There are 2 protein chains.
Amino acid sequence: MSDGNALIRDKTAIAGIGTTEYVRDIGRTEQETSLEVIHEALADAGLAATDVDAIFKVETPGEASISELAVARNLGLPNLRAWGGTDYGGGAACGPIVHAVMAIATGMASVAVAFRARNRGSGTRPWSKTGARVGSNMAFESPYGLVGPVQQLALVARRYMHEFGVTSEQFAQVSVTQRAHAARNPRAFFRDPITVEDVLASRMIADPLHLLDCSLETDGACAIIITSAERARDLKQMPVFISGASQGMGPRHYMMNGLMYKDDPFDMPPAYAAKDVYACAGMGPGDIDVAQFYDVFSPMVLWQLEAYGFCKPGEAGPFVEEGRIDWPAGELPVNTHGGSLSEAYVHGFNHVLEGVRQLRGTSTCQVENAEVALVAAAAVVPTSALILRR
Amino acid sequence: MSDGNALIRDKTAIAGIGTTEYVRDIGRTEQETSLEVIHEALADAGLAATDVDAIFKVETPGEASISELAVARNLGLPNLRAWGGTDYGGGAACGPIVHAVMAIATGMASVAVAFRARNRGSGTRPWSKTGARVGSNMAFESPYGLVGPVQQLALVARRYMHEFGVTSEQFAQVSVTQRAHAARNPRAFFRDPITVEDVLASRMIADPLHLLDCSLETDGACAIIITSAERARDLKQMPVFISGASQGMGPRHYMMNGLMYKDDPFDMPPAYAAKDVYACAGMGPGDIDVAQFYDVFSPMVLWQLEAYGFCKPGEAGPFVEEGRIDWPAGELPVNTHGGSLSEAYVHGFNHVLEGVRQLRGTSTCQVENAEVALVAAAAVVPTSALILRR
């Protein structure tokens, strides 16, 4: 294992986190909740709004855009020295933090905010606008019923079952495990335990994906404060160092579904983000104590277990079935907050917060002596990843 | 003067540039022209598409969005390790390059593309959609006739004349000077010389701005290749080192027009970008041999001459009138390609290309022995700047 990227590895840290409640209808705009969680994250870090000089956000075409300018003005910031957006929704769960790391590591900014606010519980889905034009590959796919992520991903899930003998029970086990984690988390939207039978008996949304294989639709917002490792050491919270940070896309990628376009439909973006995040941190899968994986649908957790090297291609089904992602008994507890399947759907930003809590020792499913956490964004779109260290 | 930011200063370089023709109706989509200019810039650098591992773009809500994913796929890239967008249109003329600098300086990527494509000659203006909703401060301003940048900026220009005794003739001189530069540039859309009288006799668009005080509306695209200084030394072109890079916004900023909101309406974003770009490069105004200033309307050049420290507040009018921005006689030739007033309106990206040409010694208004060029983005929106060195 190499020593990692000397300009990035452990040079920055997450100093503060903030989140709203996670509910179906939060009754406030995304801009309002963004400001709330940024204030909360600053208070958590022991910093003032006037300390912030960088903002990085998620930019998803067709969704409510929250301008850095409006955020800066409403926070009363004296200046912003760095800002920008990262596209691809759930794939950008770590992307804005990757950009903040680059800005701070180079001295182009000193305190950065990364945030995500999304009223997906009360608002509309991007694909639900009747008569909306779709472009690129989706123009060819949507007439055949692939109108939203669940239909698009269902085909990939079915092909994955076919290729590797993975079962619906194994998909369901992801939801069951994460619900058990959520049962201990007072923030989680769903906390009542479920069984594999419950998942299989839930309504079929797009074969083979049942309702309980699908993520929640909630309103909520999350913010994260990033600063230099040096400065973080003097702040209120124990710093959570950013050892590795990456974005990855891979070749010939199409949004959501590579089946029709790639020789190997399982050649997915996380394999590229994984290679770089491990190289950056100078670590490998064996160094990871706990992982938070983007989980818009249960099979995506399996694909990330494989892409991030915790098991070989096609072996994640049995891995999950054997309880190896369970807390506290598993070797790699996954989504200890309940994830998007049970805690909330904030496009994966809540997963970064849970990674931070694990290293602060404040998770409601605390992994004993957790030293290193992996946080990974969506598997089927251009993606991003972080390795965090206590 | 300090030694600058040791992690950024001269660590990266512009290795290639590409541009389309500049015409009223280019007959191809922004995505097509983007790909063309990226290929041209790569050929200029002597690099292959497969060398690219980062793409940074401008993200303007409401305009055609060009996905990094589609660009990467169409270029046949094996992977992207860094990407993102920068908002605020003309303020982002240098922003994507600032981000590319951070990515390459930290080793998060090795060869980055920054690009801008805009069919503003043949396409619609963002504010021209009848019945379109406007938000933020514009919701309060547009009912009073401030429907687009020309009306918004006209008020600022009038106030500037009132405060400092600047004249319409001085604004006009900017257009006249730049047209004289454009006369030597075969790429320029307008090349016929004009006089101050011509500008003042041209149609009044929004008092005090005449037609010839306003930038062109053209179709066109530009691309820039950024890599490490070390790698650039081995490539086809003489490297143009990036000594300074910055983004800046300032406090309480509103898009386009600070008159109604700020105590000092001339407390504009470039003052903040200027401070940081000089600090980064370890340079000051006295080190600059040639400047390319974003010039959507002629007064904006004056505001940047002041913000970047070439003259005191209110003194840019006489500075221009005295011929001090003229090529070849002036002490600081400005917009030697003709700028947006005469060459083309590619939202300021063409200004970066001209900065590069000056340092390569290939401008059609070549400043003798030019060693250092300043390139600055729009003055009235969150902005960005570069200092380039031979």
Side-chain angles (χ1 to χ4, degrees), chain A residues 5-8 11 53-57 59 61-62 65 67-70 72-73 76-88 92 95-96 98-99 101-103 105-109 135-137 245-255 261 269 271-273 275-276 280 381-382, chain B residues 5-8 11 53-57 59 61-62 65 67-70 72-73 76-88 92 95-96 98-99 101-103 105-109 135-137 245-255 261 269 271-273 275-276 280 381-382:
Chain A
N5 179 333
L7 294 172
I8 294 288
K11 295 294 187 195
D53 60 2
I55 296 178
F56 291 95
K57 64 174 185 175
E59 186 70 72
S65 177
S67 139
E68 300 95 339
L69 181 54
R73 219 161 49 206
L77 305 189
N79 185 25
L80 276 190
R81 303 175 67 209
W83 65 84
T86 309
D87 199 352
Y88 309 112
V98 177
H99 288 202
V101 165
M102 298 194 295
T106 52
M108 299 288 276
S136 191
N137 52 312
S246 71
Q247 294 182 278
M249 189 181 283
R252 292 175 61 190
H253 188 72
Y254 284 82
M255 287 296 280
Y261 309 102
Y272 300 86
K275 182 169 173 284
D276 280 339
C280 182
V381 296
Chain B
N5 180 332
L7 293 173
I8 294 289
K11 295 294 189 196
D53 59 2
I55 296 178
F56 291 95
K57 65 175 185 175
E59 185 71 74
S65 177
S67 140
E68 300 95 338
L69 181 54
R73 217 161 50 207
L77 306 188
N79 185 24
L80 276 190
R81 303 175 66 209
W83 66 86
T86 309
D87 200 351
Y88 309 113
V98 177
H99 288 201
V101 165
M102 297 194 296
T106 52
M108 298 288 275
S136 191
N137 52 312
S246 72
Q247 295 182 277
M249 189 181 283
R252 292 174 61 191
H253 189 73
Y254 284 83
M255 288 295 279
Y261 309 101
Y272 300 85
K275 183 170 174 285
D276 280 339
C280 183
V381 295

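Letters go in sequence order (proteins before strands), and every chain restarts at 1. As the structure is a prediction and not an experimental result, all values here were calculated from the model.
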Portion of I8(B) that has a non-hydrogen atom of chain A nearer than 4.5 angstrom | side chain
Under 4.5 Å, counting heavy-atom pairs only, tell me which of N5(A), T86(A), V101(A) racks up the most with chain B.
-> N5(A)
Bottom line for Y254(A): the part with an atom under 4.5 Å from chain B's heavy atoms is both
Straight-line distance of M108(A) CE to T106(B) OG1, nearest 0.5 Å | 11.0 Å
What part of K275(A) gets closer than 4.5 Å to chain B, counting heavy atoms only: side chain, backbone, both or neither?
-> neither
In terms of heavy-atom pairs under 4.5 Å, which option from C280(B), G248(B), G84(B) contacts chain A the most?
-> G248(B)
If one checks every heavy atom of A109(A) against chain B at 4.5 Å, the contacting part turns out to be neither
Chain A: which of P269(B), P78(B), G95(B) shares the most heavy-atom pairs with it under 4.5 Å?
-> P78(B)
Is there any salt bridge (Lys or Arg N to Asp or Glu O under 4.0 Å) pair reaching into residues 245-255 of chain A, and which pairs are they, with sequence neighbours excluded?
-> R252(A)-D263(A)
Given a strict heavy-atom distance threshold of 4.5 Å, which part of A72(A) is in contact with chain B: side chain, backbone, both, or neither?
-> side chain
Over all heavy atoms of both residues, which pair between Y88(B) and E68(A) is shortest? Give the atoms and the distance, please.
-> OH-OE1, 2.9 Å
With rounding to the nearest 0.5 Å, note down the distance linking CG in L7(B) to NZ in K11(A).
-> 9.0 Å
Between P382(A) and L69(B), which heavy-atom pair has the shortest distance, and what is it?
-> CG-CD1, 4.0 Å
Side-chain heavy-atom pair R73(B), Y261(A) within 4.5 angstrom cut-off | no
Chain A contact via V98(B) - side chain, backbone, both or neither, heavy atoms under 4.5 Å | side chain
Counting heavy-atom pairs under 4.5 angstrom with chain A, the leader among M249(B), R81(B), Q247(B), M102(B) is Q247(B)
Flag, side chain of D87(B) to backbone of S67(A), donor-acceptor distance under 3.5 Å | no
Examine distances only and state if a side-chain atom of H99(A) and a backbone atom of A103(B) form a donor-acceptor pair shorter than 3.5 Å.
-> no
Could you tell me which portion of A245(B) (side chain, backbone, both or neither) has an atom closer than 4.5 angstrom to a non-hydrogen atom of chain A?
-> both
